[in-house]
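Let me begin by presenting the structure, written as structure tokens, before commenting on it.
All values derive from a computational prediction rather than experimental measurement. Heavy-atom basis, side chains included; hydrogens, waters and symmetry copies ignored. Numbers here simply count residues along the sequence, with the first being 1.
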Amino acid sequence: EVQLVESGGGMLQPGGSLRLSCTASGFTFSGYNMNWVRQAPGKGPEWVSFINSVGDSTYYTDSVAGRFTVSRDNAKNTMYLQMNDLTPEDTGVYYCSAGSVLWGQGTQVTVSS
């Protein structure tokens, strides 16, 4: 009922682009700040990006700044992560989180030649 579902992951070559989506249901999406977090194989979770509830304030970890863009469409209960110029270091499972309390199941991103 109350859930976040990530989608849009896949396998692609370095330099490619993907757009991830995070669709919310069962709660008031527009009332929550949102985050993207990723976990590379064999490593702990790494915070990637933040967007506030309105969508007019965003932050990024240094390694993705300038390449990734987070956005949201509250009317569609959806947050996005546009990922450009991907590198193998971007490989991992990408999770979205509402208020850092509710988490999705993750979507796999694999960047490899």
Side-chain angles (χ1 to χ4, degrees):
E1 184 209 351
V2 177
Q3 64 179 15
L4 296 168
V5 178
E6 300 93 337
S7 62
M11 178 177 288
L12 72 167
Q13 297 185 170
S17 298
L18 281 176
R19 189 173 80 155
L20 306 183
S21 297
C22 170
T23 300
S25 60
F27 68 99
T28 304
F29 177 73
S30 61
Y32 288 84
N33 299 330
M34 299 289 294
N35 289 275
W36 285 100
V37 174
R38 68 187 180 188
Q39 188 165 189
K43 298 184 179 179
E46 176 190 25
W47 172 78
V48 175
S49 185
F50 164 93
I51 185 167
N52 71 343
S53 60
V54 176
D56 61 1
S57 181
T58 60
Y59 297 92
Y60 305 89
T61 193
D62 287 347
S63 64
V64 310
R67 298 187 298 120
F68 290 11
T69 302
V70 64
S71 62
R72 67 192 294 164
D73 186 341
N74 285 344
K76 296 182 177 180
N77 292 335
T78 302
M79 175 178 65
Y80 306 95
L81 186 67
Q82 179 65 49
M83 309 164 67
N84 298 328
D85 195 22
L86 286 161
T87 76
E89 289 68 42
D90 296 316
T91 293
V93 179
Y94 284 69
Y95 302 89
C96 63
S97 176
S100 298
V101 176
L102 178 65
W103 295 80
Q105 86 292 339
T107 186
Q108 176 71 45
V109 173
T110 302
V111 185
S112 175
S113 60

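What you find for Ser17 and Asp85 is that their closest heavy atoms are OG-N, 4.1 Å. Arg72 approaches Val54 most closely through the heavy-atom pair CD-C, 4.4 Å. Contact detail for Cys96 and Met79: the closest heavy-atom pair is CB-CE, 3.5 Å. The two residues Ser53 and Ser30 make their nearest non-hydrogen contact at CB-O, 3.3 Å.
Annotation: salt bridge (Lys or Arg N to Asp or Glu O under 4.0 Å) contacts involving residues 96-113, sequence neighbours excluded, are absent. Within the structure, salt bridge (Lys or Arg N to Asp or Glu O under 4.0 Å) pairs that include any residue of residues 39-54 comprise Arg38-Glu46 (at least two apart or interchain). Within the structure, no pair that satisfies the ring-ring contact (aromatic ring centres under 6.0 Å, His included) test touches residues 85-107, not counting sequence neighbours. Residue pairs meeting the disulfide (SG to SG under 2.5 Å) criterion with at least one partner in residues 32-86, sequence neighbours excluded, are absent. A salt bridge (Lys or Arg N to Asp or Glu O under 4.0 Å) check over residues 98-113, counting only residues at least two apart or in different chains, returns nothing.
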Please tabulate, one pair per line, all N/O donor-acceptor pairs under 3.5 Å involving side-chain atoms of residues 55-62, not counting sequence neighbours.
residue, atom, partner, partner atom, Å
Asp56, OD1, Asn52, ND2, 2.8
Tyr60, OH, Val70, N, 2.8

Using atom types as modelled, flag every donor-acceptor pair under 3.5 Å from a side chain in residues 106-113 to any protein atom, sequence neighbours excluded.
residue, atom, partner, partner atom, Å
Thr107, OG1, Gly9, N, 3.2
Gln108, NE2, Thr110, OG1, 3.2

Under 3.5 Å, which donor-acceptor pairs do the side chains of residues 18-26 form with other protein atoms, sequence neighbours left out?
none

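With sequence neighbours excluded, the residues that form a ring pair (Phe, Tyr, Trp, His ring centres under 6.0 Å) with Tyr32 are Phe27. In terms of the side-chain hydrogen bond (donor to acceptor under 3.5 Å, both in side chains) criterion, Gln39 has no residue partners (sequence neighbours excluded). Legend: residues meeting salt bridge (Lys or Arg N to Asp or Glu O under 4.0 Å) with Glu89, ordered by chain and number and at least two apart, are absent. By the salt bridge (Lys or Arg N to Asp or Glu O under 4.0 Å) test, Arg67 is found to be paired with Asp90, residues two or more places apart in sequence or in another chain being considered.
Atom-to-atom distance recorded for Asn33:CG and Ser100:OG is 8.5 Å, nearest 0.5 angstrom. Of the inter-residue distances, the one linking Leu81 atom CG with Met34 atom CE reads 11.5 Å to the nearest 0.5 angstrom. The line from CH2 of Trp36 to CD1 of Ile51 is 11.0 Å long, rounded to the nearest 0.5 Å.
The main-chain N or O of Gln105 is found under 3.5 Å from a side-chain atom of Glu6 such that the two form a donor-acceptor pair.
The shortest distance between side-chain heavy atoms of Pro14 and Thr87 does not fall below 4.5 Å.
Placement of Leu12 and Met83 within a single hydrophobic cluster is found when ILVMFWY residues are connected by side-chain heavy-atom separations under 4.5 Å, directly or transitively.
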